[in-house]
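We number each residue from 1, following the sequence as shown. Just so you know, these numbers use all the heavy atoms, side chains as well, and skip hydrogens, waters and symmetry mates.
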Amino acid sequence: MTAFRLDIRRAASLTQAARALADVLPAYAHVFPADRAAPILVKPNLNANMNALTGNTTDLRLLCALLGHLRDAGYSDVTVGEGTNSGFYRNRIGVIGRLRVDKAAARFGCPVLDLNDAPGRPVAFENGVTAMVAAPVLDAALVVNLPKLKTHFEAGMSVCLKNLMGCLVGQENKKKTHQSLAANIVNLNLAVRPGLHIVDALVAMEGLGPTRGTPLRLDTLIFGENPYLIDLACAHMAGFPAGKVRPLAEARRRGLVTPAMDAFCDGRSLPLLAGRPFAPPVAGRIASFIHSPARQKYFLAVRNTALFRYLAGTDWFGALLFKTGLRQDVFCREEMRCDGLTLDRAACDDCGVCRDFCPSGLDPVEVAAQGGHPDCLGCLYCFLTCPRKALVFHGEQGFLAEQLRQYDALVRALGRRPGR
C-alpha cells in the first residue's frame, strides 16, 4: 500500500496553533526548500470580507502562527497571496485589508499580493479553454495552502482542491472555471501542486456555504501533502458523502483518489469533528434550479452578458440576487472605522474567550484598558466573540454591520460555555 500521512491536531488559540505547527512540521521538512532565501507563497482562503469566525475565511491565528514559524526557521522570502472572490474584485473592495491580513503579514515582514492583479501564465482547462494562473504561485519554491473546512453549495465541500481557485488571475479567469467546475478545479490542482496543506478547521462552516452557512467551532488543524487524500479525510470527518464533493468525485474518476486512500481513511477511524455530520449545503429552490450542472451553462451565458454585469453592479439588483440565493455575498462599499474598544467592567467575567481568539496573543481586556497596543491588528475577533458583549466598539461599523446582522449571535456563541 502507498504510504500516506495525515496529521490532526487540536488548537484553540494562537499559542496552541503555534505549538501544533512546531510539533507537526518537522515531519514535513522534506517539502521545505533548503535555501532559506527561496520564495515561499502562503495561500489562504479569503473568499469574502466575512472573517474567519463566521467559518468563511482563513483564521488569522493560523496565518500568524505559520508566518511566525517560517520567520523563526529563517525563511526570508515569504509572500501571502490570494485572489479574492470575483464580486469583491469587480466592486474594487479590498478584502485583504478588511480582513486585516495585510496587517498580520506586516508584523512578520511579509508582503501581501492580490493574485487578481498578478501576471499570469496559461493552464489548460476543459474543452480547449485556457486560464491564467498567477505567475508568483507557479514560481514559488513552495506553496503552502491554507484552506478553510466548509460546505459549498456548488462544489459540495470546499477544502484543499477548491481553495486553489484563488490562484487564478482576475474575474475573467475565475469565470472560466465554472464552465466545467469540478474538472477545472482538478486541472488547476494538477498545474499548481502546493507542497503542503494545512486545513483551517478552527472554526469551520456547515450548511449553505461558502458564505451563508453556520460556523462550527472545532479547534482543529489538519496537515498533509496530498490534497485528494486530505479532502477525502475531511469529508469523512465532516460526515459528508465524498461522492457529493464534486471535485473529489472528478478526481476519483481520473484515478487520483484511489482505493488505497479509502483504505487509509477507513483504517484511521477518523472522528466526526462536530460529533455529528455537518448540515448539508441546501440552497433555495431558485438557486438549486439554476445552479444544477445541467442548466448552469445557460446561467453562465446570461451572467456573462453586458446587461447582466451592469445590473449586478447595482444595489437593488444585488439585493434581489442575495434574497433569491443566487448571490451569497453582500458587497458593502462602506469601510469600517474603529476608533478603539473600551471595556464594560460590569459585564466582563474574565472568561478568557477574547484571549483565546486573539491572533496576536494579546489580552484584549488589558489592551482596551490601555487604549490600544502596537501588535493589535484591529481584527475585532475579541469584540465579536465576547459572550457578554463586555468589549464595546467605537467608530463606524461600515461593512462590519452586515456581518453582525447575519452572524453576531452565532459568533458570540462560539465562546459561550454551558451555564453562561
Original post:
Any side-chain heavy atom of P281 within less than 4.5 Å of one from H152?
Top reply: no
Subject >> N/O donor-acceptor pair under 3.5 Å between T58 side chain and L146 backbone >> reply: yes
Original post:
Hey, what's the ring geometry for H69 with F32, parallel, tilted or perpendicular (30° and 60° as the breaks)?
Top reply: tilted
**OP:** Go through D102 and R100 one step at a time and tell me if the salt bridge (Lys or Arg N to Asp or Glu O under 4.0 Å) criterion holds.
**Re:** CA-CA 5 Å; D102 52 349; R100 298 300 193 262; over 6 Å; no
Subject >> Nearest-0.5 Å distance that lies between atom CG in L115 and atom CG in D117 >> reply: 9.0 Å
Subject >> Among N51, T57, V80, the one residue meeting side-chain contact (heavy atoms from CB on, under 4.5 Å) with V101 >> reply: V80
Subject >> Closest non-hydrogen atom pair, A135 against R121 >> reply: CB-NH1, 3.8 Å
Original post:
Can you list every salt bridge (Lys or Arg N to Asp or Glu O under 4.0 Å) pair that touches residues 11-30, not counting sequence neighbours?
Top reply: R9-D23
**OP:** Step by step, work out the side chain to side chain contact (heavy atoms under 4.5 Å, CB included) result for R5 and D7.
**Re:** CA-CA 7 Å; R5 184 179 183 100; D7 291 275; 2.7 Å; yes
Subject >> E335, CD atom: more than 12 neighbouring heavy atoms under 6.0 Å >> reply: yes
**OP:** Verify side chain to side chain donor-acceptor pair (under 3.5 Å) between T211 and D329, making sure each step is shown before the conclusion.
**Re:** CA-CA 7 Å; T211 303; D329 300 291; 3.2 Å; yes
**OP:** Go through L404 and L384 one step at a time and tell me if the side chain to side chain contact (heavy atoms under 4.5 Å, CB included) criterion holds.
**Re:** CA-CA 8 Å; L404 293 172; L384 295 164; 3.6 Å; yes
Original post:
Is H178 reaching over with its side chain to a backbone N or O of L181, donor-acceptor style, under 3.5 angstrom?
Top reply: no
**OP:** Would you check if the side chain of T385 reaches a backbone N or O of G415 as a donor-acceptor pair within less than 3.5 Å?
**Re:** no
Original post:
Under a 4.0 Å N-O cut-off, is there an ion pair linking R90 with E172?
Top reply: no
Original post:
Are side-chain heavy atoms of V42 and L70 found at a separation under 4.5 Å?
Top reply: yes
Original post:
Quick one: does R36's side chain have a donor or acceptor within less than 3.5 Å of a partner on A73's backbone?
Top reply: yes
Subject >> NZ/K103: more than 12 non-hydrogen atoms of other groups inside 6.0 Å >> reply: no
Subject >> From L218, L149, L221, L53, residue fulfilling side-chain contact (heavy atoms from CB on, under 4.5 Å) relative to L202 >> reply: L221
Original post:
Do F393 and F383 have ring centroids that are under 6.0 Å from one another?
Top reply: yes
Original post:
Are any non-hydrogen side-chain atoms of L14 and C64 less than 4.5 angstrom apart?
Top reply: yes
**OP:** Please answer whether the main-chain N or O of F399 pairs with a side-chain N or O of E334 as donor and acceptor at a distance below 3.5 Å.
**Re:** no
**OP:** Look at the side chain of N91 and the backbone N and O of G87, then say whether any donor-acceptor pair between them is shorter than 3.5 Å.
**Re:** yes
Subject >> Nearest-0.5 Å distance that lies between atom CE in M165 and atom CG in N189 >> reply: 11.5 Å
**OP:** Please report the shortest heavy-atom distance between V78 and P111, naming the atom on each side.
**Re:** O-CD, 3.3 Å
Original post:
Under 3.5 Å, is there a donor-acceptor pair between the side chain of R268 and the main chain of C265?
Top reply: no
Subject >> Qualifying ring pair (Phe, Tyr, Trp, His ring centres under 6.0 Å) pairs with a residue from residues 81-104, counting only residues at least two apart or across chains >> reply: F88-F331
Subject >> salt bridge (charged side-chain N to carboxylate O under 4.0 Å, His left out) involving R71 - partner list, sequence neighbours excluded >> reply: none
Original post:
Going by heavy atoms in the side chains, are P194 and L142 under 4.5 Å from each other?
Top reply: no
Subject >> Over all atoms of both residues, closest heavy-atom pair of D356 and R61 >> reply: O-NH1, 3.3 Å
**OP:** May I have the step-by-step check of side chain to side chain contact (heavy atoms under 4.5 Å, CB included) for I222 and C234, ending in yes or no?
**Re:** CA-CA 9 Å; I222 302 156; C234 284; 3.8 Å; yes
Original post:
Checking N116 side chain against T84 main chain: does a donor-acceptor pair fall under 3.5 Å?
Top reply: yes
**OP:** Check whether any side-chain N or O of N226 sits under 3.5 Å from a backbone N or O of Y228 as a donor-acceptor pair, and report yes or no.
**Re:** yes
**OP:** Before giving the answer on side chain to side chain donor-acceptor pair (under 3.5 Å), spell out for N45 and N47 the whole-Å C-alpha distance, their side-chain angles and the decisive distance to 0.1 Å.
**Re:** CA-CA 6 Å; N45 184 323; N47 175 63; 5.5 Å; no
Subject >> Heavy-atom side-chain proximity of V144 to L41 below 4.5 angstrom >> reply: no
Original post:
Does E82 reach the side chain of V95, with side-chain heavy atoms less than 4.5 Å apart?
Top reply: no
Subject >> Gap separating the CE atom of M336 from the CZ atom of R98, nearest 0.5 angstrom >> reply: 9.5 Å
Original post:
Which pair of non-hydrogen atoms, one from Y381 and one from L60, has the smallest distance, and what is that distance?
Top reply: OH-N, 3.3 Å
**OP:** Taking side chain to side chain contact (heavy atoms under 4.5 Å, CB included) as the test, write out the residues that go with C358, two or more places apart.
**Re:** S360, L362, P364
**OP:** Drop me the distance from L99's CG to L63's CG, to the nearest 0.5 angstrom.
**Re:** 10.5 Å
Subject >> Atom pair CZ (F223) and CG (L21), whose distance is rounded to the nearest 0.5 Å >> reply: 4.5 Å
Original post:
With side chains defined as the heavy atoms from C-beta onward, is the minimum distance between L410 and P215 less than 4.5 Å?
Top reply: yes
Original post:
Given the rule in the side chain to side chain contact (heavy atoms under 4.5 Å, CB included) test, do L138 and V192 qualify, once you have shown the distances and angles that lead to the verdict?
Top reply: CA-CA 6 Å; L138 299 174; V192 174; 4.3 Å; yes
Original post:
Looking only at heavy atoms, what is the nearest atom pair of T177 and N184, with distance?
Top reply: O-ND2, 3.3 Å
**OP:** Could you walk me through whether E126 and K176 pass the salt bridge (Lys or Arg N to Asp or Glu O under 4.0 Å) test, one step at a time?
**Re:** CA-CA 9 Å; E126 296 299 289; K176 293 177 181 179; over 6 Å; no
Original post:
Is there a donor-acceptor contact under 3.5 Å from the side chain of R246 to the main chain of E154?
Top reply: yes
Subject >> Student check: side-chain heavy atoms of L6 and I230 closer than 4.5 Å >> reply: yes
Original post:
So which pairs with a foot in residues 141-152 pass salt bridge (Lys or Arg N to Asp or Glu O under 4.0 Å), sequence neighbours left out?
Top reply: K148-D200
**OP:** Mind checking the NZ-CG spacing from K43 to N163? Nearest 0.5 Å is all I need.
**Re:** 3.5 Å
**OP:** Scan for salt bridge (Lys or Arg N to Asp or Glu O under 4.0 Å) pairs involving residues 216-244, sequence neighbours excluded, and state none if there are none.
**Re:** R217-D219
**OP:** Could you please spell out the steps behind the side chain to side chain donor-acceptor pair (under 3.5 Å) verdict for R254 and N187?
**Re:** CA-CA 11 Å; R254 298 190 193 187; N187 292 335; 2.8 Å; yes
Subject >> Nearest heavy-atom neighbours spanning L391 and C386 >> reply: N-SG, 4.2 Å
